[in-house]
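Here the structure is laid out as structure tokens; the discussion comes afterwards.
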Amino acid sequence: MSQADNTAPSPTASEARVDRIGRWLTLGANIGVVLGLLILVIEIRQNAALTRVATEGALNELMLNTEIHLAQPEQSAAWVKSYMAPETMTDVDIRMNEAVLVSLLLQWDSGFQMERSGLRTRAEVERLIRNTAPFYFGSRFGKQWFEAQAPGWQGTDMMDVAGPIVTGLDENFMRDYYVSLRMPPEAERAP
């Protein structure tokens with residue numbers, strides 16, 4: 001056998017050029033895949049941010065609707081009774097106020113759902129509860145109502161986070177807060 005028979009045929013110039021072009025195309029395709037993945041990650045983050053904004057907006061609207069509801073004369077009268085003289089509340093007053101408190105618990109629960117889906121942190125949910133709890137549960141009636149609901153929330157994030165916060169509230173917070181907002185008559189104000 002001759003030595004020429006043992007060697008592989010040398011590629012022609014056109015085969016070498018095709019091979020080089022193939023490698024460049026493979027490199028370009030790989031770069032395209034990486035860029036596509038980066039764009040996908042950016043879009044997913046933007047969608048998550050938009051989802052968070054939309055959900056926060058919905059929670060804010062629910063809070064606004066709750067506050068507007070509380071401003072209605074009949075509801076306001078029942079609400080004031082709940083922190084100034086809860087012993088005078090009628091069954092209708094209790095039911096009217098219960099609707100407001102249920103609304104707040106549902107807002108808190110939405111915060112926990114957002115946390116589970118990665119749209120909020122536990123610290124943000126806890127801050128929401130700490131900021132709103134005194135103004136809804138800072139009364140004898142509010143605390144008693146929350147305690148009555150506690151068995152249904154046992155073993156949940158709601159009781160783990162909100163339970164100690166509500167338990168630690170001053171039962172006269174709402175009364176004292178609203179009394180402190182009253183303006184003294186003009187003659188009694190300091191110059």
Side-chain angles (χ1 to χ4, degrees), residues 49 51-186 188-190:
T51 299
R52 179 184 169 119
V53 168
T55 306
E56 292 284 349
L59 284 174
N60 288 341
E61 188 172 335
L62 182 56
M63 181 64 79
L64 175 63
N65 289 337
T66 301
E67 289 296 321
I68 288 172
H69 175 73
L70 278 172
Q72 301 302 314
E74 189 177 332
Q75 176 62 53
S76 287
W79 189 248
V80 170
K81 280 184 189 179
S82 77
Y83 61 82
M84 293 301 278
E87 61 281 349
T88 66
M89 291 174 69
T90 66
D91 289 345
V92 172
D93 294 331
I94 291 169
R95 181 62 193 115
M96 289 171 66
N97 287 321
E98 182 175 48
V100 172
L101 299 177
V102 166
S103 172
L104 187 67
L105 286 184
L106 292 175
Q107 291 173 52
W108 292 354
D109 190 54
S110 292
F112 288 117
Q113 291 175 31
M114 288 177 69
E115 177 198 0
R116 284 190 290 280
S117 64
L119 298 174
R120 265 194 169 172
T121 65
R122 175 58 61 103
E124 290 171 323
V125 176
E126 186 173 337
R127 184 172 53 247
L128 168 69
I129 294 169
R130 285 193 187 286
N131 288 342
T132 55
F135 297 97
Y136 290 87
F137 294 104
S139 67
R140 282 190 348 237
F141 172 77
K143 289 182 76 164
Q144 180 175 319
W145 183 88
F146 188 85
E147 287 175 18
Q149 308 313 306
W153 292 97
Q154 289 303 324
T156 66
D157 292 335
M158 180 71 74
M159 284 314 294
D160 292 345
V161 177
I165 292 171
V166 173
T167 300
L169 291 174
D170 176 2
E171 68 180 29
N172 295 315
F173 173 84
M174 288 173 55
R175 182 198 66 200
D176 296 345
Y177 173 76
Y178 286 108
V179 167
S180 75
L181 294 178
R182 293 181 187 153
M183 299 293 291
E186 193 68 34
E188 294 180 22
R189 287 191 221 168

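Basis for what follows: all heavy atoms, side chains included, without hydrogens, waters or symmetry-related copies. The structure presented is a predicted model; accordingly, all values stated were derived computationally and were not measured.
Distance CD1/Ile94 to CG/Leu101: 11.5 Å, rounded to 0.5 Å. Interatomic distance, CZ of Arg140 versus CG of Asp170, reported as 12.0 Å (0.5 Å rounding). Considering CD of Gln149 and CE of Met159, their distance stands at 10.5 Å, rounded to 0.5 Å. Atom NE2 of His69 and atom CD of Gln75 lie 3.5 Å apart (nearest 0.5 Å). Atom CG of Asp93 sits about 12.5 Å away from atom CD of Glu98, to the nearest 0.5 Å. Rounded to the nearest 0.5 angstrom, Gln107 CD and Ile129 CD1 are separated by 11.0 Å.
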Practice task
Apply salt bridge (Lys or Arg N to Asp or Glu O under 4.0 Å) to Glu126 and Arg122, showing your working.
Solution key: CA-CA 6 Å; Glu126 186 173 337; Arg122 175 58 61 103; over 6 Å; no

Exercise for the section: Go through the steps for Met96 and Val92 under the test side chain to side chain contact (heavy atoms under 4.5 Å, CB included), then give the verdict. Expected result: CA-CA 6 Å; Met96 289 171 66; Val92 172; 3.8 Å; yes

Problem - Stepwise side chain to side chain contact (heavy atoms under 4.5 Å, CB included) check, Val125 with Asp157 - result: CA-CA 10 Å; Val125 176; Asp157 292 335; over 6 Å; no

Practice task
Show your reasoning for whether side chain to side chain contact (heavy atoms under 4.5 Å, CB included) applies to Trp145 and Val166.
Solution key: CA-CA 11 Å; Trp145 183 88; Val166 173; over 6 Å; no

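Across all their heavy atoms, Ala78 and Asn97 have their closest contact at O-ND2, 2.9 Å. Pro134 and Phe173 get closest at one heavy-atom pair: O-CD2, 3.2 Å. Of all heavy-atom pairs between Leu119 and Glu124, the closest is O-OE1, 4.4 Å. Shown here for Lys143 and Thr167, the closest heavy-atom pair between the two residues is NZ-O, 2.9 Å.
Residues Phe146 and Leu105 form a side-chain contact, since some pair of their non-hydrogen atoms from C-beta on lies under 4.5 Å apart. Between Met63 and Leu104 the shortest side-chain heavy-atom distance falls below 4.5 Å. A heavy-atom distance below 4.5 Å is found between the side chains of Leu70 and Tyr136. Side-chain contact check for Met84 versus Val179: some heavy-atom pair is nearer than 4.5 Å.
Judged by distance alone, the side chain of Ser103 and the main-chain N or O of Ala99 form no donor-acceptor pair under 3.5 Å. At least one donor-acceptor pair closer than 3.5 Å links the side chain of Ser82 to the backbone N or O of Trp79.
Within a 6.0 Å sphere centred on CG of Asp91, other residues, nucleotides and ligands contribute 12 heavy atoms or fewer. Counting heavy atoms of neighbouring residues, nucleotides and ligands inside a 6.0 Å radius, atom CD of Glu61 does not exceed 12 of them. Gln113 CD: more than 12 foreign heavy atoms inside a 6.0 Å radius. Within 6.0 Å of atom CD in Gln154, more than 12 heavy atoms from other residues, nucleotides or ligands are found, so the atom counts as buried in its surroundings. Counting non-hydrogen atoms of other residues, nucleotides and ligands closer than 6.0 Å to CZ of Phe135 gives a total above 12.
Taking the six-membered ring where the residue is Trp, Trp108 and Phe137 present tilted rings, their angle falling between 30° and 60°.
Residues Asn60 and Glu56 have side chains that never bring a donor and an acceptor to within less than 3.5 angstrom of each other.
No close placement of the Phe112 and Trp153 rings is indicated, their centers lying 6.0 Å or farther apart.
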